[in-house]
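Since the model is a prediction, treat every value here as computed from it, not as a measurement.
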Amino acid sequence: MTIRSLISATCAALAIASAMPAAAHDPGDVVTPHFERAIPNIPGKTLTALIVDYPPGGTSAPHRHADSSFIFAYVLSGEIESKVNDGPTQIYRAGESWYEPPAANHLISRNASKTKPAKLLAVFVADSDEKEPPTSSEPTFVDKQL
């Protein structure tokens with residue numbers, strides 16, 4: 001292969017790569033621990049609150065919640081698209097909320113907008129000593145131990 005052919009092939013590869021849509025590299029979420037306390041009148045249970053910031057187009061990998069975790073989610077700003085277990089895919093707007101039962105499979109969790117950020121408050125009650133379930137995906141906001 002000549003130098004000219006090598007340079008042409010490299011330029012073509014760079015042109016193709018730069019023409020791919022940005023969605024192929026979705027940004028993830030940013031999780032900020034907000035609060036965690038043992039619940040004194042419910043021995044063995046912990047209340048945890050996390051703030052989840054999604055950049056435009058941000059998404060979380062599908063994941064499974066801990067067997068004991070009951071989760072309440074509240075949209076602080078923007079719009080969040082969510083699908084839990086075999087329920088419908090729904091979009092929740094600022095001020096709206098939902099809950100997720102123990103051992104839920106969170107199949108979709110993402111910012112519904114490609115142009116505006118979104119923010120979510122996730123509050124869950126779980127067994128204090130429970131570790132996250134085994135998963136093939138990256139851990140996300142509800143799987144992290146603080």
Side-chain angles (χ1 to χ4, degrees), residues 7-146:
I7 291 172
S8 295
T10 302
C11 289
L14 288 172
I16 291 169
S18 64
M20 293 179 69
H25 303 286
D26 280 338
D29 55 8
V30 176
V31 179
T32 305
H34 188 65
F35 178 88
E36 182 178 67
R37 293 287 185 276
I39 303 173
N41 61 340
I42 309 175
K45 295 288 185 179
T46 298
L47 176 73
T48 304
L50 306 171
I51 304 292
V52 184
D53 286 288
Y54 287 97
T59 186
S60 298
H63 54 278
R64 181 174 170 265
H65 295 305
D67 288 342
S68 70
S69 62
F70 179 87
I71 298 156
F72 169 76
Y74 180 82
V75 180
L76 298 168
S77 63
E79 299 179 343
I80 304 289
E81 185 174 8
S82 182
K83 177 178 176 59
V84 178
N85 293 331
D86 60 354
T89 300
Q90 293 186 267
I91 294 178
Y92 298 92
R93 291 164 179 76
E96 296 180 332
S97 62
W98 72 94
Y99 79 93
E100 300 174 19
N105 287 306
H106 204 156
L107 304 172
I108 297 173
S109 181
R110 64 179 163 228
N111 186 341
S113 173
K114 300 288 186 198
T115 60
K116 297 177 184 173
K119 186 178 287 197
L120 172 72
L121 170 67
V123 179
F124 55 103
V125 174
D127 290 348
S128 300
D129 61 354
E130 185 168 31
K131 302 294 181 211
E132 69 261 14
T135 178
S136 60
S137 64
E138 289 296 313
T140 57
F141 69 93
V142 294
D143 295 315
K144 291 180 180 174
Q145 298 295 314
L146 299 177

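- In the model, Y54 has no side-chain atom that pairs as donor or acceptor with a side-chain atom of S113 under 3.5 Å.
- For the residue pair L120 and W98, the shortest heavy atom distance occurs at CD1-CH2, 3.8 Å.
- Residue Y99 places its OH atom among 12 or fewer non-hydrogen atoms of other residues, nucleotides or ligands, all under 6.0 Å distant.
- Heavy atoms only, all atoms of each residue included: P117 and P56 are closest at N-CG, 3.9 Å.
- Contact between L50 and P33 at its shortest, heavy atoms only, is CD2-CA, 3.6 Å.
- The structure places CG of L107 at 12.5 Å from OG of S60, a figure rounded to the nearest 0.5 Å.
- Closest approach of A103 to D67, counting heavy atoms only: CB-OD1, 3.6 Å.
- Between the OG1 atom in T46 and the CG atom in D129 there is a gap of 8.5 Å [rounded to 0.5 Å].
- Taking the six-membered ring for Trp and thresholds of 30 and 60 degrees, H65 and H63 have ring planes more than 60 degrees apart, a perpendicular arrangement.
- Note that CD of E100 and CD1 of I71 are 5.0 Å apart. Values are rounded to the nearest 0.5 Å.
- Contacts of T89 classified as side chain to side chain contact (heavy atoms under 4.5 Å, CB included), with partners at least two apart in sequence or in another chain: E81, K83, I108.
- One distance of note links CD1 of I42 with OG of S128; it measures 10.0 Å at 0.5 Å rounding.
- Residues P101 and V84 approach most closely at CD-CG1, 4.4 Å, considering heavy atoms.
- With sequence neighbours left out, the side chain to side chain donor-acceptor pair (under 3.5 Å) criterion links E96 to no other residue.
- Atom CG of N105 is separated from atom CZ of R64 by 6.5 Å, given to the nearest 0.5 angstrom.
- Note that CG of D127 is 4.0 Å distant from NZ of K45, once rounded to the nearest 0.5 Å.
- Distance alone, capped at 3.5 Å, is enough to place a donor-acceptor pair between the N111 side chain and the P55 backbone.
- With sequence neighbours left out, Y92 forms a side chain to side chain donor-acceptor pair (under 3.5 Å) with Q90.
- Closest non-hydrogen pair, S82 versus H106, comes out as OG-NE2, 3.0 Å.
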